[in-house]
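Structure first, commentary second.
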Amino acid sequence: MREILDPAAAWVTEERQFALAVLVSAQASSPREVGAAMVVDADGVVFGNVSAGCVDGDVHDLCVQAIETGESTRVRYGISDETAFEAGLSCGGVIDVLVLPVLPGTPAAAAITDLHAAILRREPCALGIFTAGPGTGELLLARESVDAAAVTDPGIRGALVADLARLRTDDHALTLRYGTDVDPLEVLGVPFPHAPRLIIIGAVEFSVALSRLGAASGFEVSVCDPRDAFAAPTRFPDAHEVVHEWPHDYLARTPIDARTAICVLTHDPRFDVPALTIALRSPAAYVGAMGSRRTHDDRARRLAEAGVTDAETERLRSPIGLALGGRTPEETALSILAEIVMVRSGGRGEALRDATGPVHPALSTPDVPRSQPGAEEGIACAPGAGTVVPR
């Protein structure tokens, strides 16, 4: 959903009428994760998508309709012999899409503005989207505090507040259900943890390409090099920051967590050994260093002399990147980012043609927090293409 927030927040500021479509459930194969979103304004301008294109045209029309009627709609898409040439999923999956209007001055518009502002502040938050039951189509933003006054049942309200608060630092959307089968409430919790960080040590030409590609992939990019002539901000226009400081001093003071990747792209022992000593002992999920196998062996020897243990050195991805065969800075940057994505997602880096099983492996989604009896995880899906899900 992050990719649609910039235009959506701008439209709220301009007081444009638009609609938000969100993928709220998926069964079997689906090209997008639950939480994927699309926004469409009254003129039909669109950002984002909820599928790989197979149902987006139909969802676009539903968005325009929602702007006109001011009403939310939940629609189910699937594929069968009878619907093969209608709006359906050629991949064979079944998805539910919720379409809701976002009109000037409404709570939905305010929630989008607040969400966008929180993300710019790097404040972890979660968006609760009411997908079934009372308040369907409403949005609820969970930050340090949550105002869920619209939920009248005090037990359910307390459970929802606690569950959304816990989701703020998760990586994947989760469906939350409360109440009974007779009177259920379903809320999709979409987490917005702070953006992942990409720290690049060394202002070389490979760093320029990696900074650009990393920023385009949603990373908050920091470039560190003590040499002003090389680390010019104009050379790294996509970076969040360009730091003129010794890398080991910078790494010792900057926040590093499990959503951080550190890439050392220098070949200078004055830079890489002190920087890697700190990086390999940090909670960073990925630490990589550029160089040949001979360079790696020499670097490992120097790290050992600096007191780095074999177990710590084992964390180092060196030579850096996947074996894509490219040589240009852009191709090398692609191989580095591909390895970072592989490590983050637990992938194997093999060609999909040579692999078996689903193209998109099932996510290891945690159980829904049981804040109260009756809260349960569940996504109800059934075949059908473009069918309105009954309330």
Side-chain angles (χ1 to χ4, degrees), residues 1-2 4-5 8-9 11-12 18-25 33-39 50 66 70-74 96-121 123-179 183-194 365-366 368-372 374-379 389 391:
M1 187 180 287
R2 283 181 186 267
I4 59 91
L5 285 178
W11 287 352
V12 171
F18 65 96
L20 171 66
V22 183
L23 175 60
V24 298
S25 77
E33 286 188 38
V34 170
M38 169 195 291
V39 286
V50 295
E71 298 180 356
S72 300
T73 305
R74 180 168 172 167
D96 280 15
V97 178
L98 178 69
V99 178
L100 60 102
V102 183
L103 307 179
T106 61
I112 288 175
T113 297
D114 292 344
L115 172 61
H116 186 252
I119 290 173
L120 292 179
R121 294 192 302 268
E123 177 186 351
C125 53
L127 184 66
I129 305 172
F130 288 71
T131 57
T136 297
E138 293 183 7
L139 304 180
L140 176 63
L141 183 61
R143 293 175 294 185
E144 288 294 337
S145 61
V146 188
D147 182 8
V151 180
T152 56
D153 185 293
I156 292 178
R157 181 169 60 248
L160 176 59
V161 167
D163 292 342
L164 288 178
R166 276 194 289 268
L167 274 174
R168 292 184 301 137
T169 55
D170 282 3
D171 287 320
H172 303 291
L174 195 63
T175 298
L176 305 169
R177 281 186 171 178
Y178 307 91
D183 187 23
L185 171 64
E186 181 182 287
V187 178
L188 177 68
V190 183
F192 291 88
H194 67 76
T365 307
V368 171
R370 306 294 176 126
S371 297
Q372 68 139 26
E376 59 176 333
E377 192 276 339
I379 301 177
V389 178
R391 292 287 176 262

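What you see is a predicted model; the values in this text were computed from it and never measured.
- Interatomic distance, CG of Leu188 versus CG of Leu176, reported as 8.0 Å (0.5 Å rounding).
- Nearest heavy atom pair, residue Leu23 against residue Asp96, reads CD1-O, 3.5 Å.
- There is no side-chain donor-acceptor pair under 3.5 Å between Glu123 and His194.
- Atom CG of Leu127 sits about 8.5 Å away from atom CG of Leu5, to the nearest 0.5 Å.
- If you take CD1 on Ile4 and NE2 on His116, they are separated by 9.5 Å, rounding to the nearest 0.5 Å.
- When all heavy atoms of Arg143 and Asp114 are compared, the closest pair comes out as NH1-CB, 4.3 Å.
- Residues Ala66 and Val99 come closest through the heavy atom pair CB-CG1, 3.8 Å.
- The backbone N or O of Glu186 lies less than 3.5 Å from a partner atom in the side chain of Thr131, making a donor-acceptor pair.
- Side-chain contact between Val24 and Val97 is absent, with no heavy-atom pair separated by less than 4.5 Å.
- Leu164 contributes atom CG, which lies 9.5 Å from atom CG of Leu141 (distance to the nearest 0.5 angstrom).
- Remark: Thr136 OG1 to Arg74 CZ distance equals 8.0 Å, nearest 0.5 Å.
- You'll find the side chain of Leu174 stays beyond 4.5 Å of the side chain of Val190, heavy atoms only.
- Nearest heavy atoms, Phe130 versus Leu98: O-CD2, 3.6 Å.
- Looking only at distances, a side-chain donor or acceptor of Asp153 sits under 3.5 Å from a matching main-chain atom of Gly155.
- Smallest separation of non-hydrogen atoms from Met1 and Phe192: SD-CZ, 3.8 Å.
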Problem - Residues Leu139, Ile112; criterion side chain to side chain contact (heavy atoms under 4.5 Å, CB included); working and verdict - result: CA-CA 8 Å; Leu139 304 180; Ile112 288 175; 4.2 Å; yes
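- Between the side chain of Arg157 and the backbone N or O of Val151, at least one donor-acceptor pair lies under 3.5 Å.
- Remark: Leu100 CG to Leu103 CG distance equals 9.5 Å, nearest 0.5 Å.
- Nearest heavy atom pair, residue Asp171 against residue Pro193, reads OD1-CG, 4.3 Å.
- Between Val102 and Trp11 there is no side-chain heavy-atom pair separated by less than 4.5 Å.
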